[in-house]
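Down below is the structure, laid out as C-alpha cells.
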Amino acid sequence: MAYYRLLGDVPPKRHTRHHRPDGGLYYEELMGEEGFSSDSSLLYHRHPPSAIVDATAWQPPNADTEPNHPLRPRHLRLHALFPVEDAKRHDVVTGRRMVLGNADVRISYVVAGEPSPLYRNALGDECVYVESGEATVETVFGALSVRQGDYVILPRATTHRWLPAGGEPVRAYVIEANSHIGPARRYLSRYGQFLEHAPYCERDLHGPAEPLLADGADVEVLVKHRGRGGTITGTRYVYPHHPFDVVGWDGCLYPYTFNVADFEPITGRVHQPPPVHQVFEGDNFVVCNFVPRKVDYHPQAIPVPYYHSNVDSDEVMFYCGGDYEARKGSGIGLGSISLHPGGYAHGPLPTAYERSAGIEFFDELAVMVDTFRPLELGEAAGACEDPGYAWTWAGRGPSGATGD
C-alpha cells in the first residue's frame, strides 16, 4: 500500500535518536516487505520489540487438506458449521475452520463472540471479510472499527486481536495468503496512486486513527508460521511488556479496512467478465466482489454469466447478501460457497439463463476468490457439503438421484 500515513510521535529524520520524556530512547523497528525492497513502516516502541521471556509450541487450527477427487463442483453451507447457540464460544483466530486451501491461499470461516488472543500471522497477509457483526480490531499500529461488509487487510506479522462488539457474534470469511494482499496492480499508477478507472480509491481505505498503548506484563502472543516441510505450525511467545507500546509510526505498510459498499461497479451493454469485479490480489489468486448493480442494457442481452471453463483457475463464490440470480434453483443461499474447479465448465442453471432476459438490476452480494493452482478440501468442507449440488444442472445424478 503506497499511501503514506503518519500517526503519533515520530522523529523528524528516520534512523535517528527519538527521545522519551524522561530522556531515554524509544526503540525504532522497521516492518517491511520483500527484504527492504518494498513497502514498509517505521514504528517507535517504548520497549524493545524483540524481548521475549518464553516460547512454547502452539498448534493453530487444523489446516489439513485432501484433493477434490473425483473432480466435482461443490456447494458448502458455511452457516451449518457454527450453530447459533455455540457462536459465543469461539473467537475469530482460534475458532476458524478451514474449508478450502492450497499452497498459496487458505479459506476459513468462523462465527465468534469471544475476544481473540493476541495473534500474528507470519505466513502471509490476511483479508477478513465481515459477513455480519461489529468488532474492534486492535493492532500494534492502532485500532480499526470494523462493521458488516468490511474487508480487513492485516499485513503479515501484524500483532492484533479481535474484540466483537454490539452484542452479536462476528461472522467472518477469512482469506489467508502465503504472500501479500493488495489492490489490483492495474488500478495503480507506477507510483502507487489509484487511477481514474479504479472502482475505489484512497478515500475508501480506513486505517487506524491514533496509536494504541496498553500496559501489561508477561503478555502472550500466538504466532502462526512455517514448519518443517512446508507445514503450518505455531509458537506461543510471552513478552515482558505489552506489545501495544508504539507511540508513533509512519510509512506505507499498515492494516486498513475497505467496505464493499464503497466499490463502484463497472457495467456495460453486454455481460462484463469477472476481472471488472476485482478488488484485491495476492500471489496466484485474486479477490473479486459482485455488488448490487445495473446490469447489461443491450436489447438482446442475457444478464447472467455465460457458461465458462476455468482452464487456469478454480473459482470460489461466497454468497453473503441479496439473491444471486445465476444460482437460483441450485440450493445456494446466504452463507453458501460454490467451488467450480478448473477443468469443469460452469454457468447458470438453464432456468436462470432464460429468466434473466430483460432484467435491469441485480440485488446480489458475493465475494469471489479465483486461484491459479487447484484448491483442496479442508476439514470443514465435508461437514457442510450439499452432496447433490453437482447434479443440479442436469436435474439428476448417479442412479437417478436428484440435487436439492
Side-chain angles (χ1 to χ4, degrees), residues 1-3 31-41 60-61 63-65 67-68 96 98-108 120-129 151-158 160 173-192 194 198-200 205 223-234 251-256 258 273-289 310-318 337 339-343 367-378:
M1 174 53 59
Y3 186 35
M31 182 174 172
E33 299 175 344
E34 300 179 11
F36 302 94
S37 300
S38 188
D39 296 343
S40 65
S41 287
D64 293 340
T65 61
N68 179 15
R96 300 173 184 180
M98 193 173 108
V99 290
L100 299 166
N102 62 21
D104 304 309
V105 64
R106 294 170 299 283
I107 299 173
S108 303
R120 65 174 173 261
N121 187 336
L123 292 167
D125 293 2
E126 294 191 357
C127 171
V128 182
Y129 179 79
Y151 291 98
V152 185
I153 304 297
L154 295 155
R156 175 185 284 170
T158 298
H160 66 280
Y173 184 69
V174 184
I175 303 165
E176 298 181 43
N178 281 352
S179 61
H180 302 298
I181 299 173
R185 280 168 287 185
R186 69 179 183 278
Y187 295 161
L188 305 176
S189 76
R190 60 176 175 156
Y191 299 112
F194 280 89
Y200 62 101
L205 309 180
V223 182
K224 183 187 292 185
H225 58 88
R226 291 181 287 264
R228 184 177 182 180
T231 60
I232 296 173
T233 189
C252 297
L253 182 66
Y254 51 84
Y256 62 91
F258 168 71
V276 304
H277 304 286
Q278 186 177 350
V279 56
F280 300 116
E281 66 184 13
D283 286 357
N284 288 321
F285 73 94
V286 299
V287 180
C288 304
N289 44 217
N310 292 1
V311 297
D312 289 319
S313 62
D314 283 11
E315 177 200 277
V316 183
M317 294 284 284
F318 174 52
I337 273 183
L339 167 63
H340 298 139
V367 174
M368 182 176 83
V369 177
D370 269 12
T371 68
F372 298 103
R373 283 200 273 193
L375 283 164
E376 297 194 338
L377 307 176

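Treat the numbers as computed from the prediction; the structure is a model and nothing was measured. Because only heavy atoms are used, hydrogens play no part in the values below, and waters and symmetry mates are left out as well, while side chains stay in.
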Going by heavy atoms in the side chains, are [X] and [Y] under 4.5 Å from each other?
X: Tyr3; Y: Phe194; value: no
X: Asp125; Y: Arg156; value: yes
X: Arg106; Y: Thr65; value: no
X: Pro61; Y: Met98; value: no
X: Leu100; Y: Val316; value: yes
X: Asp39; Y: His180; value: no
X: Leu377; Y: Leu339; value: yes
X: His160; Y: Pro255; value: no

Thr158 vs Met31, side-chain contact (heavy atoms from CB on, under 4.5 Å): CA-CA, chis, key distance, verdict: CA-CA 9 Å; Thr158 298; Met31 182 174 172; 3.4 Å; yes
Reported [atom1]-to-[atom2] distance for the pair [X] and [Y], which is rounded to 0.5 angstrom:
X: Met368; Y: Met317; atom1: CE; atom2: CE; answer: 6.5 Å
X: His225; Y: Arg120; atom1: NE2; atom2: CZ; answer: 10.0 Å
X: Tyr129; Y: Ile107; atom1: OH; atom2: CD1; answer: 14.5 Å

Write down the atom of [X], the atom of [Y], and the distance for their closest heavy-atom approach.
X: Leu253; Y: Ser41; answer: O-OG, 2.6 Å
X: Phe318; Y: Ile337; answer: CD1-CG1, 4.2 Å
X: Pro67; Y: Glu376; answer: CG-OE2, 3.8 Å
X: Ile153; Y: Ile181; answer: CG2-O, 4.2 Å
X: Ser313; Y: Asp370; answer: OG-OD2, 4.0 Å
X: Ala122; Y: Arg226; answer: O-NH1, 4.4 Å

Working for side-chain contact (heavy atoms from CB on, under 4.5 Å), residues Asn121 and Leu154: CA-CA 9 Å; Asn121 187 336; Leu154 295 155; over 6 Å; no
Can I get a per-line list of side-chain donor-acceptor pairs under 3.5 Å for residues 278-289, giving both atom names and the distance, sequence neighbours left out?
{"from": "Gln278", "atom 1": "OE1", "to": "Arg186", "atom 2": "NH1", "distance (Å)": "2.7"}
{"from": "Gln278", "atom 1": "OE1", "to": "Arg186", "atom 2": "NH2", "distance (Å)": "3.4"}
{"from": "Gln278", "atom 1": "NE2", "to": "Phe280", "atom 2": "O", "distance (Å)": "3.2"}
{"from": "Glu281", "atom 1": "OE2", "to": "Arg185", "atom 2": "N", "distance (Å)": "3.2"}
{"from": "Glu281", "atom 1": "OE2", "to": "Arg185", "atom 2": "NE", "distance (Å)": "2.6"}
{"from": "Asn284", "atom 1": "ND2", "to": "Asp104", "atom 2": "OD1", "distance (Å)": "3.4"}
{"from": "Asn289", "atom 1": "OD1", "to": "Tyr151", "atom 2": "OH", "distance (Å)": "3.0"}

Worked verdict on Tyr173 versus Val128 for side-chain contact (heavy atoms from CB on, under 4.5 Å): CA-CA 6 Å; Tyr173 184 69; Val128 182; over 6 Å; no
